[in-house]
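First the proteins, then the strands, lettered A, B, ... as listed; each starts at 1.
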Amino acid sequence: MDKTYQPEQIESRWYQRWEADGRFAPSGEGAPYSIMIPPPNVTGSLHMGHAFQDTIMDTLTRWRRMQGHNTLWQVGTDHAGIATQMLVERKVAAEEGKSRHDLGRETFIDKVWEWKQESGDHITRQLRRMGASVDWSRERFTMDDGFYQAVQEVFVRLYEDDLIYRGKRLVNWDPTLHTAISDLEVENRDQQGSFWHFRYPLADGVTTDDGKDYLVVATTRPETLLGDTGVAVNPEDPRYAALIGKFITLPLVGRRIPIVADEHADMEKGSGCVKITPAHDFNDYEVGRRQNLPLINVFTQDAAILSEAEAFDIQGRPLPDIDPTLPQAYAGLERFEARQSIIADMEAAGLLEQVEAVNNTLPFGDRSGDIIEPLLTDQWFVAVESLAKPAIEAVEKGDIQFVPKNYENMYFAWMRDLQDWCISRQLWWGHRIPAWYDADGNVYVARSEQEARERHGLAADLELNQDEDVLDTWFSSGLWTFGTLGWPQQTEELKTFHPSSVLVTGFDIIFFWVARMIMLTLKFTGEVPFKQVYVHGLVRDGQGQKMSKSKGNVLDPIDLIDGIELDTLLEKRTGNMMQPQKAKAIAKATRSEFPEGIEPHGTDALRFTFLSQATTGRDIKFDMGRLDGYRNFCNKLWNASRYVLMNAEGEDTGLGDAAVELSLADRWILSRLQQTATQVTRAMEEFRLDHASQALYEFVWNEYCDWYLELSKPVLWDDNAGLDAKRGTRQTLVRVLESILRLAHPMMPYISEEIWQRVAPLAGTHQGDEDSIMAKPWPVADEALLDEDAVRNIEWLKGVIIAVRNIRAEMNIAPGKPLEVLLTKGGSADRERLEANRLFLAKLAKLESLDWLEDPQQAPLSATQLVGEMEVLVPMADLIDKETELARLDKEIGKQDKLIGGIEKKLSNDGFVAKAPAAVVEKERGKLADLQASRRLLMEQRDKIAAL
RNA sequence: AGGACCAUAGCUCAGUUGGUUAGAGCGCCACGUUGACAUCGUGGAGGUCGGCGGUUCAAAUCCGCCUGGUCCUACCA
């Protein structure tokens with residue numbers, strides 16, 4: 001074995017072996033355990049968030065597999081409609097200078113499939129690097145044939161149950177992408193804006209109570225004036241009571257629009273009058289519905305002004321009686337140009353009363369970044385009310401549990417106020433909506449055109465055209481848990497692995513995905529999609545900033561694994577930027593954070609870092625320092641193993657029938673191992689992977705390496721130690737390490753396998769060349785190996801050794817200088833322990849001699865430490881500096897006095913003694929006694945030194 | 001506007017049902033190449049647990065208010 005751990009040499013080798021040996025497929029035996037991977041978008045590569053999430057899932061999967069479950073980790077990717085289409089459009093534009101319209105639908109879709117192939121391969125390579133033990137043989141894609149079938153089936157059935165409908169509705173329209181998007185895809189951002197107050201002249205010579213011949217309305221979107229079909233006042237508002245039912249002459253347009261009474265108008269705000277534009281505002285749409293106002297659309301799909309408006313009633317039926325004329329001055333103007341023109345024209349007409357600066361929130365498309373426009377369009381919707389009810393109940397009843405639980409509130413709040421889901425998208429990449437139209441506009445929904453004809457008895461020569469739109473990506477990914485298992489066929493896999501055990505996901509897609517999966521899965525399988533939802537946070541950079549290309553703070557998990565030169569990293573972060581002006585600052589920050597680039601750390605160290613930071617439901621600040629630390633941990637484990645192998649390979653490790661004698665240290669470490677196994681297992685069960693990793697880390701480093709390996713040396717290297725004892729120690733060294741590797745394997749698959757292959761034969765758990773740690777059982781604590789007596793003994797031993805080390809440090813004694821040490825004042829147990837541990841003590845504390853002093857009065861002048869009742873003395877008359885030592889002792893005594901004072905105060909409090917549990921009071925008394933004893937010792941010591 | 005979460009050592013974070021001398025890693029200081037490991041060892045310094053008030057014999061932990069931060073939902077005619 002190399003002297004330092006070299007991850008790159010082992011990782012890919014083992015992954016290939018596991019995969020070739022079919023170790024990731026379900027075993028077919030044991031209780032089922034399944035996780036469905038949240039399918040990554042085929043838009044590019046996996047980022048830190050994926051790496052984090054995949055580490056969690058792989059750790060859970062490997063752990064359950066070792067526990068003997070029939071384990072499936074289902075893998076696949078998502079077609080990600082908008083995101084992927086945009087990406088390929090950009091690519092085509094850059095490479096060929098063409099738009100998707102130049103290519104045409106079919107050619108463009110072919111290009112996307114090409115991209116999907118390329119990108120999908122990249123993603124699967126990355127998953128392999130992370131060590132993800134997914135079942136590649138079952139890999140799926142949300143647009144593969146099986147999903148196509150599932151999607152058609154779901155759509156048709158929902159339609160037949162009247163849960164899908166089509167209609168002309170006001171939707172969030174993205175003028176750049178030319179598609180509707182759902183409420184969730186809209187991001188609200190604060191902006192500095194203006195509030196224009198306009199005068200709307202009253203028609204027919206009517207005046208207000210105070211004699212004005214106009215009403216004042218205010219808007220942040222003056223261009224919508226063209227589509228106004230009313231002005232609302234509050235029914236309770238005395239100022240305008242007389243005007244209800246009267247009319248306004250809409251400026252610039254000349255349309256007569258009514259003044260209506262509607263509670264939407266807030267008497268407190270502005271003038272109390274509101275312009276109503278039902279075709280361009282969601283609130284106004286509702287007012288229009290209540291007040292039976294017409295809807296007048298004035299925008300094209302680009303959000304430019306139409307030359308002639310389109311009027312509809314609330315059902316979306318055309319209203320031919322309404323005059324569609326619009327001022328030609330605005331025709332074709334883009335919305336913000338139109339806004340400026342309209343403001344100018346209103347001002348010129350003397351109708352602009354004031355402009356007020358305001359902060360307001362604008363809706364932006366999360367993909368395009370364009371300002372979203374409410375627009376009347378024909379769209380398909382899912383009626384969610386009846387689907388939401390059982391989905392809420394499933395969580396209320398506990399059939400689905402969120403971890404951590406507080407996300408359930410977020411889920412409930414959203415589900416209880418759910419709006420119908422707009423599922424149609426005016427895109428090309430996606431599942432085409434299975435609806436066909438004849439020339440008269442009749443719609444036929446079916447699984448195929450052929451089925452549409454058969455079911456509706458349509459003539460073979462009747463021309464049918466399929467709906468041009470595709471479905472929202474989340475509609476298909478909503479079927480993920482059962483679609484991947486073969487639904488609508490009732491497959492064996494579906495029976496076995498559904499519902500899945502746990503969904504591991506970020507809080508940011510609870511609404512997008514989790515909620516919809518629950519609704520759709522309950523509807524079509526009658527089962528919940530998963531029993532638990534483990535919600536993790538976002539991976540942020542070391543400063544807590546979101547990682548993004550534009551901030552230049554992105555870390556690529558592969559670079560942390562393999563390392564990267566500074567120059568390459570700079571190129572990656574500053575190359576090909578949307579905002580090249582930031583490149584300089586980013587380069588500077590990068591140079592200062594990574595002056596030497598990034599060293600290789602290996603997959604296992606990266607995974608361990610993620611796990612150690614995996615506090616549920618909280619964002620994590622990725623800490624490079626911890627990554628280094630856990631790389632060192634891998635090295636520690638590596639070198640400990642080297643030590644074990646050096647001492648055990650070719651030696652008798654107790655596999656035969658020969659007698660084996662276990663030392664105190666052997667029994668101690670075996671006992672601690674059992675406790676660690678219990679601890680790690682419990683933490684895993686509770687999804688506290690940070691605790692699991694920490695328990696393992698502490699056991700390996702602080703107990704196995706720091707103490708047990710040291711304690712094994714005297715036995716293995718001392719010629720006086722018996723053969724049975726040596727055999728026992730070798731056996732324990734090897735067995736404990738073998739168990740450690742199994743405990744570590746779900747978290748650190750590569751290094752654990754690599755070492756295990758060498759160690760397991762010595763522990764007798766390796767069965768032939770084909771064997772793998774993946775096939776070995778998860779360690780279960782053996783109660784019979786718990787040994788309280790050994791634990792107490794080793795604690796005592798450690799106490800003595802630490803006492804001597806303390807004295808060395810305090811007295812400035814060279815670490816290597818052999819010392820003569822006396823023990824005194826203790827009880828018979830201490831004397832027995834001295835004899836039992838003499839060998840260990842002498843070696844670990846580097847002692848010249850170790851003796852029991854019968855009469856404490858005869859103690860020479862010594863540096864002293866207390867272990868329980870017993871005193872550890874290092875005689876050193878000539879080494880003590882009187883003044884320094886007195887000062888040190890006084891400081892120490894002061895500390896003790898403070899603690900003693902605190903406890904005495906507590907114990908003199910009648911309330912405490914009366915009300916606190918007896919055990920607590922006893923504990924305090926015990927502490928007090930200990931402190932007083934040690935104080936007494938310090939005082940004696942002080943007196944001796946003062947007397948010099 | 002409503003809600004959630006967070007605030008513990010210079011940094012990143014643990015801290016069950018209230019009882020600990022409040023912990024870990026990194027960083028810092030001192031010493032140290034003894035036959036696994038300098039990606040190491042030994043010892044150490046460093047915290048009025050964001051602030052105020054309350055409940056309690058006892059609060060980092062429970063409750064209220066405040067401050068600061070992150071985020072979600074809604075609204076802004």
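Considering only side-chain N and O atoms, Asn806(A) lies under 4.0 angstrom from the phosphate OP1 or OP2 of G44(B). Dashed line: the shortest gap from a side-chain N or O of Thr615(A) to OP1 or OP2 of A14(B) is under 4.0 Å. Contact check, Lys3(A) against C37(B): a side-chain N or O comes under 4.0 Å of OP1 or OP2. At least one side-chain nitrogen or oxygen of Trp701(A) sits closer than 4.0 Å to the OP1 or OP2 atom of G41(B). Contact annotation: Arg642(A) side-chain N/O to C37(B) OP1/OP2 distance is under 4.0 Å.
Pairing analysis of RNA chain B (Watson-Crick: purine N1 to pyrimidine N3 plus N6-O4 or O6-N4; G-U wobble: N1-O2 and O6-N3; both under 3.5 Å) yields stems of 3 or more pairs at B:1-7 with B:67-73, B:10-13 with B:23-26, B:28-32 with B:40-44, B:50-54 with B:62-66.
Using a 4.0 Å heavy-atom cutoff across all strands shown, Ala413(A) reaches no nucleic acid atom at all. If you check every strand for non-hydrogen atoms under 4.0 Å, Phe511(A) touches sugar and phosphate atoms only. At a threshold of 4.0 angstrom between heavy atoms, the contacts of Lys846(A) include nucleobase atoms, whether or not backbone atoms are also involved. Glu599(A) comes within contact range of no nucleotide atom at all, as no heavy-atom separation falls under 4.0 Å.
Of all nucleotides listed (C71(B), C37(B), G19(B)), G19(B) comes nearest to the side chain of Ala916(A). Out of A36(B), G43(B), A24(B), the shortest distance to the side chain of Glu698(A) is found at A24(B). Among the nucleotides U39(B), G41(B), C37(B), the one closest to any side-chain atom of Arg631(A) is U39(B). Checking U21(B), U56(B), A14(B) against the side-chain heavy atoms of Lys927(A) singles out U21(B) as nearest.
Look at the C1' atom in both C28(B) and C66(B): the space between them is 36 Å, to the nearest Å.
In this structure, Asp619(A) atom CG and C72(B) atom C1' are separated by 12 Å, rounded to whole Å.
Here Lys927(A) contributes atom NZ and Leu907(A) contributes atom CG; the two are 9.5 Å apart, rounded to the nearest 0.5 Å.
Within residues 899-912 of chain A, the residues approached by RNA chain B to less than 4.0 Å at the level of any non-hydrogen atom are Leu899(A), Lys906(A), Asn909(A), Gly911(A), Phe912(A), in residue-number order.
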Produce the list of close N/O pairs, under 3.5 Å, pairing protein atoms with atoms of nucleotides 5-11 of chain B; give distances to one decimal.
none

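Ring geometry for Tyr411(A) versus Phe402(A): interplanar angle of 30 to 60°, hence tilted. The aromatic rings of Tyr643(A) and Trp717(A) sit perpendicular, their planes meeting at an angle over 60°, well past the 30° parallel limit.
By the 5.5 angstrom centroid cut-off and the 30-degree plane limit, Trp638(A) is classified as not stacked against the base of A36(B).
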